[in-house]
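The structure appears below as structure tokens.
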Amino acid sequence: MTTMAMNAAIRSAIDVMMERDDNVVVFGEDIGYFGGVFRCTEGLQAKYGSERVFDAPIAEGGIVGAAVGMGAYGLRPVIEIQFADYVYPGLDQLISEAARLRYRSSAEFTAPLTVRMPCGGGIHGGQTHSQSPESLFTHVCGLITVIPSNPYDAKGLLIASIEDDDPVIFLEPKRLYNGPFDGHHDKPVVPWAGHPLGEVPDGYYRVELGSAAIRRPGDDLTVLAYGTMVYVAEAAAEETGIDAEIIDLRTLLPLDTDTIEASVAKTGRCVIVHEATRTSGFGAELSATVQELCFYHLEAPIERVTGWDTPYPHAQEWDYFPGPARVGAAYRRVIAA
Amino acid sequence: MTTMAMNAAIRSAIDVMMERDDNVVVFGEDIGYFGGVFRCTEGLQAKYGSERVFDAPIAEGGIVGAAVGMGAYGLRPVIEIQFADYVYPGLDQLISEAARLRYRSSAEFTAPLTVRMPCGGGIHGGQTHSQSPESLFTHVCGLITVIPSNPYDAKGLLIASIEDDDPVIFLEPKRLYNGPFDGHHDKPVVPWAGHPLGEVPDGYYRVELGSAAIRRPGDDLTVLAYGTMVYVAEAAAEETGIDAEIIDLRTLLPLDTDTIEASVAKTGRCVIVHEATRTSGFGAELSATVQELCFYHLEAPIERVTGWDTPYPHAQEWDYFPGPARVGAAYRRVIAA
Amino acid sequence: MIEGVPLRFRIPEPPARPGERADFSYIVVPPAGSARRPEIETDPSEMRDLAYSLIRVLDDDGSATGPWIPELEPDALYHGLRAMVMTRTYDDRMLMAQRQGKTSFYMRCTGEEAIAVGHALELDRDDMFFPTYRNQGWLIARRWPLVEMMCQVFSNEKDRLHGRQMPIMYSAREVGFFSISGNLGTQFIQAVGWAMASAIKGDTRIASGMVGEGTTAEADFHNALTFATTYQAPVILNIVNNQWAISTFQGIAGGNQSTFAARAIGHGIPALRVDGNDYLAVIAATRWAAQRARANLGPTVIEWLTYRAAAHSTSDDPSRYRPADEWKSWPLGDPIERLKNHLIARGDWSEEQHRDLVADVDREVLAAARDAESYGTLLDGRVASAKSIFEDVYKDMPPHLQRQRRQMEDER
Amino acid sequence: MIEGVPLRFRIPEPPARPGERADFSYIVVPPAGSARRPEIETDPSEMRDLAYSLIRVLDDDGSATGPWIPELEPDALYHGLRAMVMTRTYDDRMLMAQRQGKTSFYMRCTGEEAIAVGHALELDRDDMFFPTYRNQGWLIARRWPLVEMMCQVFSNEKDRLHGRQMPIMYSAREVGFFSISGNLGTQFIQAVGWAMASAIKGDTRIASGMVGEGTTAEADFHNALTFATTYQAPVILNIVNNQWAISTFQGIAGGNQSTFAARAIGHGIPALRVDGNDYLAVIAATRWAAQRARANLGPTVIEWLTYRAAAHSTSDDPSRYRPADEWKSWPLGDPIERLKNHLIARGDWSEEQHRDLVADVDREVLAAARDAESYGTLLDGRVASAKSIFEDVYKDMPPHLQRQRRQMEDER
Ligand SMILES: Cc1ncc(C[n+]2csc(CCOP(=O)(O)OP(=O)(O)O)c2C)c(N)n1
Ligand SMILES: Cc1ncc(C[n+]2csc(CCOP(=O)(O)OP(=O)(O)O)c2C)c(N)n1
Ligand SMILES: [Mg+2]
Ligand SMILES: [Mg+2]
């Protein structure tokens, strides 16, 4: 066990997998000699050589497309999109190719890629360094979508993603690289050291895809969250004194509906929190699913607390970011309803 | 008034707008001399010249990108993506550019484009000629998303879209070009002639964006549908004898929540139907919205009848397509609940 | 300063529209044998001229001439001819099946047979080909069973792709034929990625990708060239310039301003421009490019000049946008005729033998069609089971798909 | 046949890493004045050599030489020099502001000032420029108020973009400067679309787009070239090759195999390769390309050779990936020094005058900074109102955004 920040845990996962499997190769913009703009691949080129860890041209479509070809050959590419905001030129290769190659060839060819990308706001990145496009991926059958909220999960989920034989979108809430963040941007930054989930085994272990974690058991209401919002949800529980059961989804697709259903059946109330824009965000799917599974248990309308339906603004970041005040207000409304 | 098929109505809308506004230009793959693979621009090049109606290289990203530049100049480009399945190379220009240009420049520059694309299945087009990607667009703030279900609306909505100063995604259910289609693929094709909504004024008129239409008033349950599914919903009502109130949404964003709320408040039951894959489809947003607006009116869980979460298969098209049997079964369940 | 001149917008127009006389004056046809053949080690900067010339081996009399004559056993030539004839016969038979409603869709490659056939026979068995929908010649040349091909086209019970794909979207790993995508261009960069992987592993296998000239406009064409040059990937990047992209002529893809082969120059990749209706030139150019790739000399771009003689697909009617008889004026002729004449000129073949071959191939295709139809067609509905559509979305079916499959069965 | 040789994977490496000696031997610097200057009417196929040569006007002694010497009033030169000095001073001041927390982010263009400044002063006022984030020199050259620029960088109450955009993502329609996007390359094809529109309308205005050499790998670079050539759009397509893309050197974008200018050749577009640190060459090349566009002769690609002397941005530390003093060995020198020396050599300028100019500019920038800060900075939180974030998403605010805005106010 070592204390690791989340980017270090990600690096460790790749390291472990490169060591175990010669077919794992890593590439992306600035990820080679330099080690990536968030340092997630630091030292890997020196360790494994530039044939397995290398810089790519600035062409997200090319990066994903080349990875699909490598996957069909038999490699396990782990690629980085520098920011999730820049994944769009690569979407065609993800949606039309990676996600459907197994299906359309009846498993003659597959695309076992892992596509890592930092997502979310909180670093004053403005509209092109803050987006959370997860819901787009969850609409594409054939893709798996994962989003960790802490170093321990990040490593275990990333190992499971790299080992998975289907294409995995691996979203990394960038505001969590260096510490948990609950939305109180005016308070000092808390590092991962000291947080129990900052304790990370050095070697190989898996956190299985498709299983959620209950971060805080509670009886008053169920909160469905992932990534940075897990900490915001915790802060809101503490600040409102409401006994929320907070579920960290970890994998958005496939979704752990058993854990969700059991919790909402118990609490009868549900708040969904995400940073992405509201309309057709993943919260919509969660809300629809919860009401399908738990209609007769629900005692209050399900609420969604999300980013507003505007581009992510730069100067008004903290008015946009769904912080503990907004989440807490939703808790209160749902409890009062 | 003339009887028009839906593709003719679309052509007529473009014709009317080209006549009225010199700044309307039309381009896309095969849309010039040839008139488009679905004949939606037939005769327009001959009428307006190849400077205003012209073929484009096979580069959906280039088509959208060039249109953004033209829009910034002051034109109103109406572009065609040959099939909605091929829009993905153009998504970056839609999401990162067209949708955010007004915002990021504080309205110094705008992108008044209309992006037409045939969508949906029912023509044995397999996984690359059948997709319904509407939910992706509705997640992108700054875009308007429209989907007509008949010639009259198609023309009026397209005119309103071309006149709109924001980028509009205009989805055309291709199975409706030649006639309404209720999913009974083994019955003879019904033409638009004879259908009241096949009667189309020759000149200019608008159907306002953001307003839904009640296609069939009813008391037992509310059906939210759009495009081809409107006819499937009607057939299911007839076949089950259930008195469904069928709402044709017409514009998905902005959504006419007033009409939806009033109907569900009245019926207390709601079924949502679309052809797109289920998870994170637009049905999720509709379900979430309905339960937020009408929680205390709901007497049964909201159901979604959708395409399965698989690629659109070729040979099993009619097992995939949400036909009257599946929709009717949902009506029965929701009524029985 | 030249100012104040009103700007003009220019849209390239094809030389002839329906009702007009076919006009191929824009195609310059140098004599066979006139293009030089550099050593494969030559620096790309020393062979830019080859992107503008035209490699041709067979002249009008059917004799082979010049530095690009490939060494080939007569048997190999015979096999190539037979595969081309079979490809055309197969196409005609499947077109008929489509007219009969036995399949929803079909695409022929009439007039372009030499390219896929020659490419298939020249590359190694273990190489990987990333094809277009007009490369059925590869499968036939490599003797992938006709019945397999037809079962896919009929979407029947024996279709290995379980009716999931549209007709002609074959996948045949055993013969190095990658699963066809319906999206244009996407596989070009995948071919480069596959080749990069082979190089990473120190393997000896190379990749080849193909696109139409219309598809060169897609982003993935550029991605392929960039990645191929940066990593010097062992790949052949083929552009089949058959003059048309559905109704759109090659000028709309930029072909009036430059050759498509020349796209490679700016990336420092050597490019060959080749008579695609000349079977010997196909073999020779493929061999040259494959040797470069195998010798760690990097990628090659090849533009194959040809003409799409048939409709784009069964959904298309070319007489709406080009002279109906344009094909007859195509200056590079018919690849089957040209190889046949060459074999006759060599004394290895005769008109009579050719008639026998055609009859023989006809019988074989017909027998295969009968066999394939015995497993069903789209018309009779003997297709893969409905519930099979839930398989292979993921390696292991996740719970939500299991639920949906159950629901499908419940609602039947 | 060369077979069985194991393939090798090759990744381009920069000539020097931290701790190593800077090495620019890969940059070939021909003497100033040696590149020829064809007439603008010349057919693109007759000037492919210019994609591989280097247009330079100023020699090491500061004198102008050769066919590319532009006619320019001394005043114009002085204005260019002043704008370059101002740009560098502005950059340094904003960097300091970032260090003080007054803004979240900044990007300098140190060493590249000549390109945007010269381009801005040579194009017409009504032309439209689709810039990168390193083209602040354009705004300064066109005398867009420094205070406006700074208010955007400070995201303060006077920021015309209402704090919505990251610092330096200016939009300034009045001076022909299109709204900057944070996404690389997207604006290149937009420039072509704008130019197409101008041609469609029979207007006289032309467009110019700029990208970095790293960005040439993006799809929209290819889209731009394809559309520009097909429609012969009146546009200048500029590639600023400053050797680096964040930590990635130009070889990763394919620069080891070819020049970036040469990308144009395959599209039949004329290309110039120009010393971007030579102000006179910038003017001359821009003028030539603009004249072609205005005369309906179509697009031109220009590669500007330069060096990114500063960090990529305030988030970057270049000493982690390249020799810290690499800039000192850059063979094309400093554009400001070179123009200064030229003016001195002409007898139009002196070291003393230059010192005065620098001091004067310093004062002006400082005064502007004080003024701008009086409207707030990110540090003091005097930024546009929270509720303003709902404006301009659409022209008219739709009901759901009105509801969300109300909710925001309710929950405060
Ligand atoms: C991304 C994408 N856009 C559009 C299409 C529709 N489409 C199918 S074939 C075709 C023309 C292709 O022309 P070309 O590349 O020249 O190949 P050819 O058909 O001539 O062999 C088009 C536009 C598609 N399949 N994929
Ligand atoms: C689509 C996209 N991908 C990645 C990035 C992240 N990024 C910002 S600047 C940059 C390097 C650009 O290099 P270059 O084009 O050479 O321009 P320079 O910074 O040298 O002026 C990268 C990768 C981005 N902004 N957009
Ligand atoms: Mg073609
Ligand atoms: Mg650069």
Side-chain angles (χ1 to χ4, degrees), chain A residues 22-23 25 27 51-52 54-75 77 89-90 92-93 95-113 141-144 164-167 209-210 251 253-258 289, chain C residues 128 130 159-162 164-165 169-174 178-183 185-203 205 207 209 218-220 222-227 229-231 233 235 384 388-389 391-396 398-401 403:
Chain A
D22 272 357
N23 288 323
V25 297
F27 63 106
E51 296 208 351
R52 291 183 63 200
F54 52 91
D55 286 336
I58 305 175
E60 292 76 11
I63 291 171
V64 181
V68 172
M70 290 178 184
Y73 176 92
L75 301 189
D92 187 40
Q93 283 285 344
I95 296 176
S96 306
E97 298 293 324
R100 288 199 262 123
L101 184 56
R102 174 187 295 280
Y103 193 76
R104 74 169 200 245
S105 71
S106 285
E108 266 193 8
F109 299 96
T110 60
L113 13 151
C141 55
L143 298 181
I144 290 170
D164 199 277
D165 288 326
D166 288 308
L209 306 183
T251 302
L253 196 122
L255 185 64
D256 182 354
T257 48
D258 291 348
T289 299
Chain C
M128 185 60 75
F130 291 75
D159 170 13
R160 302 205 302 178
L161 305 185
H162 305 295
R164 291 177 194 155
Q165 275 278 52
M169 300 287 177
Y170 314 104
S171 181
R173 193 181 179 120
E174 309 92 293
F178 190 73
S179 152
I180 299 179
S181 171
N183 298 66
T186 46
Q187 300 183 271
F188 222 45
I189 173 68
Q190 292 168 10
V192 176
W194 197 98
M196 288 168 68
S198 186
I200 288 171
K201 299 303 277 187
D203 196 347
R205 296 180 286 163
E218 285 287 6
D220 283 324
H222 183 60
N223 287 329
L225 266 62
T226 306
F227 280 65
T229 199
T230 291
Y231 304 110
V235 66
S388 72
I389 71 169
E391 281 154 29
D392 293 330
V393 182
Y394 297 91
K395 185 172 181 206
D396 302 309
H400 69 289
L401 285 182
R403 275 195 300 274

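Just so it is clear: chains get the letters A, B, ... in the order the sequence lines come, proteins before strands, and each one is counted from 1.
- Annotation: side chain of A:Asp22 is in contact with side chain of C:Lys201 (closest heavy-atom distance under 4.5 Å).
- Interface check for chain A: of the options C:Ala219, C:Ala191, C:Ser198, the most heavy-atom pairs under 4.5 Å are formed by C:Ser198.
- Using a 4.5 Å heavy-atom cutoff, the side chains of A:Phe54 and C:Ile200 are in contact.
- When all heavy atoms of C:Phe227 and A:Pro57 are compared, the pair lying nearest together is CZ-CD, 3.7 Å.
- Residue A:Leu75 comes nearest to C:Ala197 through the heavy atom pair CD1-CB, 3.5 Å, listed as atom of the first residue, atom of the second, then distance.
- Between A:Ser96 and C:Asn183 the shortest heavy-atom distance is OG-ND2, 3.3 Å.
- C:Gln165 pairs by the side chain to side chain donor-acceptor pair (under 3.5 Å) definition with nothing, not counting sequence neighbours.
- Heavy-atom distances place no part of C:Ala224 under 4.5 Å from chain A, backbone and side chain included.
- In this structure, no portion of C:Val192 lies under 4.5 Å from any heavy atom of chain A.
- Expressed to the nearest 0.5 Å, how far OH of A:Tyr73 lies from CE of C:Met128 amounts to 10.0 Å.
- Only the backbone of C:Ile180 has a heavy atom closer than 4.5 Å to any heavy atom of chain A.
- Heavy-atom pairs under 4.5 Å with chain C peak, among A:Ala67, A:Gly210, A:Ala72, A:Pro167, at A:Ala72.
- In this structure, C:Lys395 NZ and A:Asp164 CG are separated by 8.0 Å, a value rounded to the nearest 0.5 Å.
- Within the 4.5 angstrom heavy-atom criterion, only side-chain atoms of C:Tyr231, from C-beta onward, approach chain A.
- The two residues A:Ser106 and C:Asp392 come nearest to each other via the heavy atoms CA-OD2, 3.6 Å.
- Of the N and O atoms on the side chains of A:Arg104 and C:Ser179, at least one donor lies less than 3.5 Å from an acceptor on the other residue.
- C:Thr186 approaches A:Gln93 most closely through the heavy-atom pair O-NE2, 3.0 Å.
- Using a distance-only test at 3.5 Å, with no hydrogens or angles considered, a donor-acceptor pair links the side chain of C:Tyr394 to the main chain of A:Leu143.
- You'll find the side chain of C:Arg173 reaches within 4.5 Å of the side chain of A:Phe109, heavy atoms only.
- For a residue to count as touching a neighbouring chain, one of its non-hydrogen atoms must lie under 4.5 Å from one of that chain's; by this rule A:Asp256 does not touch chain C.
- Per-residue heavy-atom pair counts under 4.5 Å with chain C were compared for A:Asn23, A:Val64, A:Thr110, and the maximum is reached by A:Asn23.
- From A:Asp166, atom CG reaches atom CG of C:Asp396 across 8.0 Å, with rounding to the nearest 0.5 Å.
- C:His400 is not listed as a side-chain neighbour of A:Thr257, based on a closest heavy-atom distance of 4.5 Å or more.
- Across C:Arg160, C:His162, C:Arg164, the residue that shares the most heavy-atom pairs under 4.5 angstrom with chain A is C:Arg164.
- With a 4.5 angstrom heavy-atom cutoff, A:Val25 touches chain C only via side-chain atoms.
- Both the backbone and the side chain of C:Ser181 have a heavy atom closer than 4.5 Å to some heavy atom of chain A.
- In this structure, chain A has a heavy atom under 4.5 Å from the backbone of C:Glu391, while its side chain stays farther away.
- What you find for A:Tyr103 and C:Ile389 is that their closest heavy atoms are OH-O, 2.8 Å.
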